[in-house]
K.L.:
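Take a look at this one; I'll ask things after.
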Amino acid sequence: MPAPSVWPARLALAFLLLVLSGASVLLWRQIEAVQQQRVDERIGYQARSLARQLESTLHLEVASLERIARLWNSLGRLPRASWDEEVERALRGFPAYKSIQWVGADLHMRWLLPVTGNEAALNFHLDPEHPNYPLAMEARDSGEQRFSNSFELVQGGRGFVLYTPLYSGQDGSKVFDGFLQGVFRVEPLMLQLLTQIDRDAFNLELLENGHSLFRHGAADADAQHSLQLGLSLLNNQGFSLRLSPTEQLLDQLDSPLPGVVLGASLAISLLLVAALALALENSRRAHALQLANRRFKLEAERREETEQRLRENRERLQLVLDLTDSSHDGLFIFDSDSRELLHMNQATYATLGYRPEQFAELLRDDPEKLLPGFHRWLEQARQAQRDNLSRIFQRELIRRDGSRQPAEINTQLVQLHDREYLIAVSRDNSERLQLETQLQRLSQLDGLTGLYNRRYFDQQLQAEWRRLRRLDAPLALLMLDIDHFKAYNDTLGHLAGDDALRRVSAALRESLQREGDTACRYGGEEFAIILANTNLEGAEQVAARVHAAIASLDIHHPASPFGHLTLSIGITAVDPVSDEQPGELLAQGDQALYRAKHEGRNRTCQWQSPALDLHQAP
């Protein structure tokens with residue numbers, strides 16, 4: 001009997017080697033993609049955090065100029081001394097300002113602070129040839145603030161202007177009275193933003209309509225991992241932030257695991273093909289022996305071949321098991337009907353504090369105690385596979401000590417011999433969830449005082465206004481300002497001023513006795529308290545507690561006529577209705593606070609209707 005040709009078998013082995021090598025490359029590329037995804041996630045978290053920080057900072061200063069404009073508009077025009085005081089407060093709160101100016105209705109410069117460094121702008125006139133003239137006219141006609149593109153400042157350097165229209169008039173008339181202009185440069189703002197990140201880990205670039213205005217780090221940053229986010233600055237949507245990792249960060253995050261997996265997979269493939277080639281050669285030799293010694297030799301050769309394949313399969317299986325045990329992600333395979341485990345790696349049970357037999361028994365007998373909502377999750381996995389949807393689920397696993405571990409579980413259902421098996425890969429993603437929660441909280445809190453910031457205040461005021469309007473319940477607002485705080489800082493220093501702000505903030509928190517009441521840092525040394533479902537009498541009681549709490553601090557103030565630190569408080573309370581907006585409540589609180597300041601400070605004043613309020617600023 002002639003020996004069969006070996007070439008078809010050799011071609012099959014070559015094809016098998018190609019298939020296994022291709023699978024190894026695909027596995028390597030998938031692990032590389034997961035590693036790159038982790039880098040992109042870190043870039044995304046940092047970029048979104050910086051964008052929110054920059055928008056929050058600029059919106060805070062927009063609100064500061066808006067507050068000065070409201071005072072101007074409500075009083076007809078601020079006295080020069082009051083204007084200087086309000087502007088100096090805004091300049092202290094935002095180091096990126098180059099200057100704050102009043103340009104009159106004739107578009108000539110009237111008032112400007114600080115003068116030092118801005119002498120070139122003292123005789124400034126906004127003429128039609130200026131690049132910002134159309135934008136300023138738009139702000140004048142609309143009555144709304146407008147944020148300019150970058151341009152060359154007369155003081156030198158490149159900067160921006162925030163135009164806030166002003167109005168004056170009596171007997172209900174409204175006459176344009178020029179602009180309140182906030183002028184600032186890019187570099188101080190971006191340098192302050194760079195303190196929020198590790199400078200050695202990221203390259204940062206500010207873009208305007210695709211052109212670079214500011215860059216930190218390498219100019220040829222890694223475009224593969226760079227992320228560009230648009231910024232929303234009032235009317236101007238032309239700015240964006242671009243963040244990319246440095247080579248140092250990429251080196252830190254680089255892992256040898258993909259290369260190890262690729263090498264191991266190719267080695268396994270070569271070993272397998274070599275083993276099959278050896279088996280083929282043994283088969284050929286066995287066939288030759290079979291011609292000489294027929295049945296006896298044939299039976300012996302078959303037994304040897306079978307034993308060889310069994311040994312190879314055991315070795316290959318053990319190698320795969322060793323690889324899965326080295327993974328930090330859990331891998332377990334079980335029968336979806338009987339819940340009997342076919343396989344699980346060490347990370348599956350060790351990270352939860354179980355022994356292997358405990359994990360298998362709990363999954364089989366009472367899976368709800370291991371994975372709450374187990375049966376519903378199993379149905380969701382089946383439905384997702386039928387509909388070709390994402391099969392990654394966010395679940396919780398219960399550790400042996402009863403605590404819960406967040407887990408991101410990737411599932412795959414396999415039908416084999418009329419039975420259904422579920423392959424699950426679980427990953428502990430608690431660190432990522434904690435980071436997202438921390439970023440959300442940091443975006444709502446003021447870093448110095450620990451109170452809620454201005455951005456959170458605006459959102460909470462809108463939310464409470466809508467809620468109380470549905471309930472037909474009152475809403476009260478307290479606007480608070482520390483008296484003579486500039487003099488306190490000038491006399492005792494900014495460190496003492498920061499400490500005083502923290503102590504005052506703690507006293508405000510302790511003065512609120514209801515869970516729904518909210519204390520916020522409105523800006524600089526100014527605070528705001530939202531009192532839901534509270535009338536004017538209740539607001540006065542809270543204001544009295546605040547005065548008593550500040551007095552009990554007994555903070556020495558050598559520049560104050562009272563000898564110690566005091567507060568001025570403006571109170572207003574309304575019943576929200578559909579034809580009003582919370583901005584009117586805010587304007588009333590500002591006017592009441594202004595009265596308290598100009599009636600001697602260290603007191604509380606209620607808002608009064610303009611028809612009843614005969615008080616005029618000195």
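Everything quoted here is computed from the prediction, not taken from an experiment.
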K.L.:
Please tell me if the side chains of Arg521 and Asn453 come closer than 4.5 Å, counting only heavy atoms from C-beta onward.
P.N.:
no
K.L.:
Looking at Asp498 and Arg502, is there a salt bridge between them, counting it only when a charged N and a carboxylate O are closer than 4.0 Å?
P.N.:
no
K.L.:
Ser403 side chain to Arg399 main-chain N or O, any donor-acceptor pair under 3.5 Å?
P.N.:
no
K.L.:
Between Arg382 and Gln385, do the side chains contain an N or O donor and an N or O acceptor separated by less than 3.5 Å?
P.N.:
no
K.L.:
Counting only heavy atoms not in Glu138 (residues, nucleotides, ligands), do more than 12 fall under 6.0 Å from its CD?
P.N.:
yes
K.L.:
Would you indicate whether the side-chain heavy atoms of Gln101 and Trp111 approach each other to under 4.5 Å?
P.N.:
no
K.L.:
If every non-hydrogen atom of Leu397 is compared with every non-hydrogen atom of Leu371, which pair is closest and at what distance?
P.N.:
CD2-CD1, 3.6 Å
K.L.:
Is the closest side-chain donor-acceptor distance between Glu464 and Gln460 under 3.5 Å?
P.N.:
yes
K.L.:
For a quick check under 3.5 Å, do Asp458 and Gln462 share a side-chain donor-acceptor pair by atom type?
P.N.:
no
K.L.:
What do you reckon, is CZ of Arg376 surrounded by more than 12 foreign heavy atoms closer than 6.0 Å?
P.N.:
no
K.L.:
Report the C-alpha distance between Asp84 and Leu113 in whole Å, list the side-chain angles of each, state the deciding distance to 0.1 Å, and finish with yes or no for side-chain contact (heavy atoms from CB on, under 4.5 Å).
P.N.:
CA-CA 8 Å; Asp84 289 348; Leu113 282 179; 3.5 Å; yes
K.L.:
Which pairs count as salt bridge (charged side-chain N to carboxylate O under 4.0 Å, His left out) when at least one residue sits in residues 107-123, sequence neighbours excluded?
P.N.:
Asp106-Arg110
K.L.:
Would you list the atom pairs, donor with acceptor, under 3.5 Å between side chains in residues 149-164 and any protein atom, with sequence neighbours excluded?
P.N.:
| unit_1 | atom_1 | unit_2 | atom_2 | d |
| --- | --- | --- | --- | --- |
| Asn149 | OD1 | Asn236 | ND2 | 2.8 |
| Ser150 | OG | Arg158 | NE | 3.1 |
| Ser150 | OG | Glu208 | OE1 | 2.4 |
| Glu152 | OE2 | Arg158 | NH1 | 3.2 |
| Gln155 | NE2 | Asn118 | OD1 | 2.9 |
| Arg158 | NH2 | Ser150 | O | 3.3 |
| Tyr163 | OH | Asn132 | ND2 | 3.3 |
| Thr164 | OG1 | Gln145 | NE2 | 2.9 |

K.L.:
Can you tell me if Arg509 has over 12 outside heavy atoms packed within less than 6.0 Å of its CZ?
P.N.:
yes
K.L.:
Show, in sequence, the C-alpha distance, side-chain angles and deciding distance for Leu480 and Tyr522, and conclude whether the side-chain contact (heavy atoms from CB on, under 4.5 Å) test is met.
P.N.:
CA-CA 9 Å; Leu480 311 92; Tyr522 193 76; over 6 Å; no
K.L.:
Please name the residue in the list Arg92, Arg454, Arg89 that meets the salt bridge (Lys or Arg N to Asp or Glu O under 4.0 Å) test with Glu526.
P.N.:
Arg89
